[in-house]
Every structure is written in C-alpha cells, then in structure tokens.
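Proteins get letters first, then strands, A, B, ... in listed order; numbering begins at 1 in each.
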There are 2 protein chains.
Amino acid sequence: MALRHAVLAALLDGEYSGYQLAKAFDVGVANFWHALPQQLYVELARLEKDGLVAGRQVVQETRPNKRVFRVTEAGLAELEQFAAAVSKPSFIRDDLLVKVQAADHVGTGPVIEQLDERAAAAQAKIELFGELLRQMRGDVDEEEFLRRGDRIGPYLTCLRGLAFEQGHRDWCVRIADVLRQRDAQAGIAPAQAARKATPLPGVLPGRAPRTLPRQP
Amino acid sequence: MALRHAVLAALLDGEYSGYQLAKAFDVGVANFWHALPQQLYVELARLEKDGLVAGRQVVQETRPNKRVFRVTEAGLAELEQFAAAVSKPSFIRDDLLVKVQAADHVGTGPVIEQLDERAAAAQAKIELFGELLRQMRGDVDEEEFLRRGDRIGPYLTCLRGLAFEQGHRDWCVRIADVLRQRDAQAGIAPAQAARKATPLPGVLPGRAPRTLPRQP
DNA sequence: GCACCATACTCAAGAAAGTGACTAGTCACA
DNA sequence: TGTGACTAGTCACTTTCTTGAGTATGGTGC
C-alpha cells in the first residue's frame with residue numbers, strides 16, 4: 001500500500017496542508033502517484049495517529065485556518081523501509097487505450113476526437129512539467145543540478161512525468177492520424193463493411209493468426 | 001468501469017478462454033489494461049449473464065476441458081457506446097517512482113538496484129512487444145499494415161506499450177546512473193550527512209524554493 | 001510415486017479507490 | 001445580496017482491486 005508512502009514522500013520538502021497535497025496529487029499534475037482529496041485527508045489522519053507525520057494548526061487571516069503536516073523521524077524510518085522493500089510492478093489501465101484496442105469494430109469518430117483531446121492535455125502537461133523543472137533547478141544547468149542539488153527526487157519524478165507525456169502525446173497524434181486516414185480511405189471504397197465484420201470466427205482473412213503472448 | 005470493456009475489446013479477435021485472457025492481461029504483458037485471473041473469470045461470468053459474451057465448452061483430450069467466450073452483438077453495442085463516452089484521464093501510481101521521489105532521504109542502494117531491475121524488465125518487454133508487432137503485421141511494412149490491415153487495434157495499443165517501456169527503460173537507466181554518481185561523490189566527500197538532513201524546516205539552503213504546482 | 005509445471009478454474013475476505021455529495025469562510029463582481 | 005471561485009476540509013456509500021488461498025487434470029522428471 002503506497003498511498004501512505006507517496007504522501008510521506010511528498011511531505012519531505014517541508015510542511016504542507018491537506019489542500020496543498022490535494023493539488024499536488026491532482027490527476028492533471030501528479031507524476032508519481034494520483035490520489036483524491038478525501039483519500040489524502042483520511043491518510044493524513046492515519047499517518048498522524050501512527051506518529052509518522054506531525055500536524056499543527058496555522059491561523060490565517062483572510063483564509064480559513066489550516067493544519068499543516070511534516071514527516072517525523074518515524075515517518076522517515078517508514079520510508080527507508082519502504083525504499084528497501086521490493087516494488088510492485090507498474091501497469092496501465094487506460095480507457096482510451098481500450099477504445100483504441102477496439103477501434104476496428106467501433107465508430108472511430110469519437111475515438112479520434114478523444115485522442116486529439118488527450119494529445120492536447122499531454123501537451124499542456126509537457127509545458128507545465130517543463131516549467132516546474134526550470135523552477136526546481138533555478139539557474140543551474142540540469143546535469144549540474146542532478147550532480148549537486150540538495151533535493152533532486154521531485155526533479156527525477158518530474159522527468160519521468162515529462163517523458164511519459166511526451167511519448168503519450170506523440171502516440172496519440174500518430175494514432176489519430178492513422179485512424180483518420182483509414183476513415184478517409186473507407187469513405188472512398190466500401191471497405192467499411194468488411195472492417196466491421198463480426199469477430200466470429202477468430203482468424204480473419206489476410207491477417208497473421210493472433211496468438212496471445214506466452215507468459216515470460 | 002472499464003474492466004468489462006477491456007475484456008470485450010480483448011475478445012474481439014475470436015474466442016478465448018478465461019485462462020488465455022488471464023495470460024493476456026498479465027502484468028508482464030498487458031499494454032492497455034491489467035487484471036488478475038479471478039477478476040477475469042468473475043467478469044466473464046457477469047458478461048455472459050448480461051448477454052454481452054457467449055460461452056461454450058471445449059472438450060480437450062490431454063488438458064482439462066475449457067470454456068471459451070466470444071463477443072455478442074449486444075457486447076459490440078456496449079463497446080460502441082463505451083467508445084463514444086468520455087474517457088477518464090490516465091495517471092501513474094508507481095511504487096518505484098515514490099521511492100525515487102524520496103531518494104534524497106533514504107538509502108539509495110536498494111533504489112538503484114530496483115531501477116536496474118525495472119530497466120531490465122522494461123527491456124524484456126520491449127523485445128517481447130517488438131516480436132508481437134512483427135507477428136501481427138507479418139511480412140507487411142508497418143505503414144502499409146496500418147493503412148490496410150483488417151484489425152489494427154491490438155497493434156496500436158502494442159505500439160503504446162512499446163513506447164511506454166522504451167521511455168521507462170531510458171529513464172530508469174539514466175536515474176540509476178545519476179544516483180550512482182551522487183553516491184560516488186558522497187563517498188569522496190562527507191556530503192552524506194547534509195543530504196540526510198531532517199526535512200524541517202522546508203527551505204533547504206541553495207535550493208530554489210519548492211512551490212507546489214498551481215492547478216492548471 | 002512424488003513434486004513440479006502447465007492448463008483451467010473458484011472462493012472469501014479485506015483493502016483501496018471512486019462517487020457524490022456535503023460543510024464553512026473569504027473575496028470579487030454584478 | 002447572490003453567485004462563483006478559492007481555500008480548507010468531511011462523510012457515507014459503492015465499486016474495484018488485491019490478497020491469499022483453494023480445486024482438478026495430465027504430463028514430465030527424478
């Protein structure tokens with residue numbers, strides 16, 4: 001269970017409120033873990049109860065008062081232990097990829113539209129992450145920063161986020177193009193009916209036989 | 001809820017047993033959705049009950065009998081509807097990235113080791129996906145296959161899987177190197193104590209002030 | 001003959017995540 | 001004054017996922 005560890009890791013840079021954490025873990029910006037606000041508040045309460053974080057109230061003037069949290073020594077020890085344990089493998093669960101998997105059998109108009117939207121969202125993240133990276137390293141050259149910076153963890157995960165979004169944008173753009181071209185060809189020739197053939201039986205003409213991958 | 005849709009999409013190529021699906025959705029090979037065997041069997045039963053897939057028993061001689069499933073017209077309609085609906089945004093939840101986020105504060109030995117292992121696993125997937133892509137397109141050139149192939153959905157998602165693993169391998173290799181070099185420098189100079197400083201208070205010397213990203 | 005592996009599948013329970021609300025205070029604007 | 005946005009947080013319930021088992025058949029190797 002790594003939400004607790006993700007929260008601890010995010011708190012390593014100082015003191016943050018639940019609301020600030022919620023913004024950091026928002027789906028639009030999170031690059032190492034995503035979590036919803038209610039999850040975060042519940043987790044903070046648990047972490048505090050377990051002594052892994054310490055909270056204090058901050059009285060504010062024009063905003064509601066807030067509680068901020070920092071990692072304790074016990075929290076640090078927990079992270080140390082987590083870091084030394086075996087990591088779970090990562091994997092993808094993505095609606096849009098399911099739709100692309102089914103693209104030969106469904107109307108591609110909405111899928112293409114969603115690919116375009118996803119590419120645009122990825123582009124926005126790319127720009128955001130680029131700016132965050134600049135803020136983190138300041139005037140320092142990246143290689144120098146990675147060699148000598150005091151705190152590079154967030155920079156490294158941001159690099160992964162950036163690379164992920166770049167790959168994703170490129171794929172979306174390419175696949176939208178592929179599908180658009182196929183649609184254009186289908187408009188020219190009545191290949192559309194053949195393409196929407198019932199999936200029975202499995203082996204379609206002209207196609208290499210589908211073999212499910214053997215387990216590595 | 002996309003597990004049902006992921007299963008429907010995977011069944012579009014013919015008839016498959018629960019066991020075959022389980023292999024396709026295994027964490028080591030799945031590139032659009034991951035699911036565990038028990039999930040898949042339960043989902044197949046539900047889908048069958050709902051009329052979205054049809055099952056039949058296959059009597060085998062040297063292996064246990066099995067049930068295989070195919071998508072029905074109602075299942076196809078369900079996929080059509082799903083494809084036209086709004087997709088949920090995708091995001092990452094990765095233990096190893098949490099560990100990298102915390103890398104400045106924990107022992108990096110195990111993290112580096114895990115990065116190396118992840119890079120090797122990614123490399124294996126890259127080779128596997130490369131081979132799968134070759135099998136799918138046969139002797140046809142990729143561009144030609146994408147233009148004219150009868151069933152390209154699995155090819156397109158495999159392309160995403162490949163790109164993802166390539167980016168991930170490259171990142172792992174690079175970050176392991178960065179951390180190794182920092183450790184080597186730390187071995188020379190007693191910067192290690194400073195690097196393990198308590199995270200209180202937030203602003204560490206020489207580092208640009210950390211600002212959590214504003215919501216886009 | 002037993003252990004292991006592959007094929008083929010099932011069950012129970014708990015943990016984690018998601019959905020869909022909700023509360024309260026302050027500020028800006030029409 | 002009402003509305004919307006932002007800050008700051010909470011609750012109840014449902015759904016999904018994970019954990020940790022388990023069953024059965026047949027083949028192979030020691």
Side-chain angles (χ1 to χ4, degrees), chain A residues 1-7 15-27 30 33-49 55-69 86-95 98 211-216, chain B residues 1-7 15-27 30 33-49 55-69 85-95 98 212-216:
Chain A
M1 201 281 271
L3 175 58
R4 82 169 15 199
H5 302 113
V7 169
E15 289 188 308
Y16 295 96
S17 65
Y19 191 80
Q20 281 173 307
L21 280 185
K23 283 164 66 179
F25 282 93
D26 182 76
V27 74
W33 203 269
H34 162 59
L36 300 164
Q38 46 271 45
Q39 283 178 278
L40 291 165
Y41 286 107
V42 169
E43 195 57 50
L44 282 168
R46 268 197 221 118
L47 286 166
E48 190 177 23
K49 186 177 159 212
R56 68 181 177 94
Q57 187 177 39
V58 176
V59 178
Q60 303 191 106
E61 298 209 345
T62 64
R63 292 168 172 178
N65 295 345
K66 67 184 174 182
R67 301 202 71 229
V68 293
F69 300 88
V86 175
S87 301
K88 289 179 184 162
S90 74
F91 52 80
I92 290 193
R93 284 184 181 135
D94 188 343
D95 281 3
V98 175
T211 61
L212 289 172
R214 299 200 71 83
Q215 189 157 351
Chain B
M1 201 283 269
L3 174 59
R4 84 169 13 200
H5 302 113
V7 169
E15 289 188 308
Y16 296 97
S17 66
Y19 190 78
Q20 282 172 308
L21 279 187
K23 283 165 62 178
F25 282 93
D26 182 76
V27 75
W33 205 269
H34 162 58
L36 300 164
Q38 47 270 45
Q39 282 178 280
L40 292 165
Y41 286 108
V42 170
E43 196 56 49
L44 282 169
R46 269 199 218 115
L47 285 166
E48 191 177 23
K49 185 177 159 213
R56 67 181 178 94
Q57 187 177 38
V58 176
V59 178
Q60 303 189 108
E61 299 210 346
T62 63
R63 294 167 171 178
N65 296 344
K66 67 185 176 183
R67 304 202 71 229
V68 293
F69 301 87
V86 176
S87 302
K88 289 177 183 164
S90 73
F91 52 80
I92 291 194
R93 282 185 182 133
D94 188 343
D95 280 2
V98 176
L212 288 172
R214 299 200 70 82
Q215 189 156 349

In whole angstrom, give the distance that lies between atom [atom1] of [X] and atom [atom2] of [N].
{"X": "Lys66(A)", "N": "dT10(D)", "atom1": "NZ", "atom2": "C1'", "value": "19 Å"}
{"X": "Tyr16(B)", "N": "dC9(C)", "atom1": "OH", "atom2": "P", "value": "15 Å"}
{"X": "Gln60(A)", "N": "dA24(C)", "atom1": "CD", "atom2": "P", "value": "19 Å"}
{"X": "Arg4(B)", "N": "dC17(D)", "atom1": "CZ", "atom2": "P", "value": "12 Å"}
{"X": "Gln39(A)", "N": "dC17(D)", "atom1": "CD", "atom2": "C1'", "value": "13 Å"}
{"X": "Phe69(B)", "N": "dA8(C)", "atom1": "CZ", "atom2": "P", "value": "13 Å"}
{"X": "Tyr41(A)", "N": "dA8(D)", "atom1": "OH", "atom2": "P", "value": "8 Å"}
{"X": "Asp26(A)", "N": "dC6(D)", "atom1": "CG", "atom2": "C1'", "value": "14 Å"}

Item to check | By side-chain hydrogen bond (donor to acceptor under 3.5 Å, both in side chains) - contacts of Arg67(A) (at least two apart) | outcome: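 Scan of Arg67(A) (side-chain hydrogen bond (donor to acceptor under 3.5 Å, both in side chains), adjacent residues dropped) gives Glu48(A).
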Next on the checklist: If the condition is side-chain hydrogen bond (donor to acceptor under 3.5 Å, both in side chains), which residues does Ser87(B) pass it with, not counting sequence neighbours?
Outcome noted: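 Ser87(B) satisfies side-chain hydrogen bond (donor to acceptor under 3.5 Å, both in side chains) with Lys99(A), Gln114(A) only.
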Checklist entry - Partners of Arg63(A) by side chain to side chain contact (heavy atoms under 4.5 Å, CB included), sequence neighbours excluded? => result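 In terms of side chain to side chain contact (heavy atoms under 4.5 Å, CB included), with neighbours along the sequence ignored, Arg63(A) is linked to Gln60(A).
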Next on the checklist: Can you list everything that forms a side chain to side chain contact (heavy atoms under 4.5 Å, CB included) with Ile92(B)? Sequence neighbours excluded, please.
Outcome noted: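 By the side chain to side chain contact (heavy atoms under 4.5 Å, CB included) rule, Ile92(B) matches Phe164(A), Asp94(B), Leu97(B).
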Checklist entry - With side chains defined as the heavy atoms from C-beta onward, is the minimum distance between Trp33(B) and Asp95(A) less than 4.5 Å? => result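 With C-beta onward as the side chain, the pair touches.
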Next on the checklist: Tell me the closest heavy-atom pair linking Val59(A) and Asn65(A), and the distance in Å.
Outcome noted: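 Residues Val59(A) and Asn65(A), closest heavy atoms: CA-OD1, 3.4 Å.
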Checklist entry - Lys88(B) side chain N/O closer than 4.0 Å to the phosphate oxygens (OP1, OP2) of dG18(C)? => result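 So the side-chain polar atoms of Lys88(B) never come under 4.0 Å of the phosphate oxygens OP1 or OP2 of dG18(C).
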Next on the checklist: Is Tyr19(A) close enough to dG9(D) that one of its side-chain N or O atoms is under 4.0 Å from OP1 or OP2 there?
Outcome noted: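 Checking Tyr19(A) against dG9(D): no side-chain N or O falls below 4.0 Å of OP1 or OP2.
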Next on the checklist: Among dG18(C), dC9(C), dC6(D), which nucleotide has an atom closest to any side-chain atom of Phe91(B)?
Outcome noted: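 Nearest listed nucleotide: dG18(C).
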Item to check | Position toward the 5' end of DNA chain D (nearest nucleotide), Arg46(B) or Leu36(B) | outcome: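 It is Arg46(B), whose closest nucleotide lies nearer the 5' terminus.
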Pairs under 3.5 angstrom, nitrogen or oxygen only, protein versus nucleotides 20-30 of chain D, please.
| unit_1 | atom_1 | unit_2 | atom_2 | d |
| --- | --- | --- | --- | --- |
| dG20(D) | O6 | Gln38(B) | NE2 | 2.9 |

Next on the checklist: Holding to ring-ring contact (aromatic ring centres under 6.0 Å, His included), I want the full list of residues that pass it with Phe91(B), two or more places apart in sequence or in another chain.
Outcome noted: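 Once residues adjacent in sequence are excluded, the partners of Phe91(B) under the ring-ring contact (aromatic ring centres under 6.0 Å, His included) criterion are His34(A).
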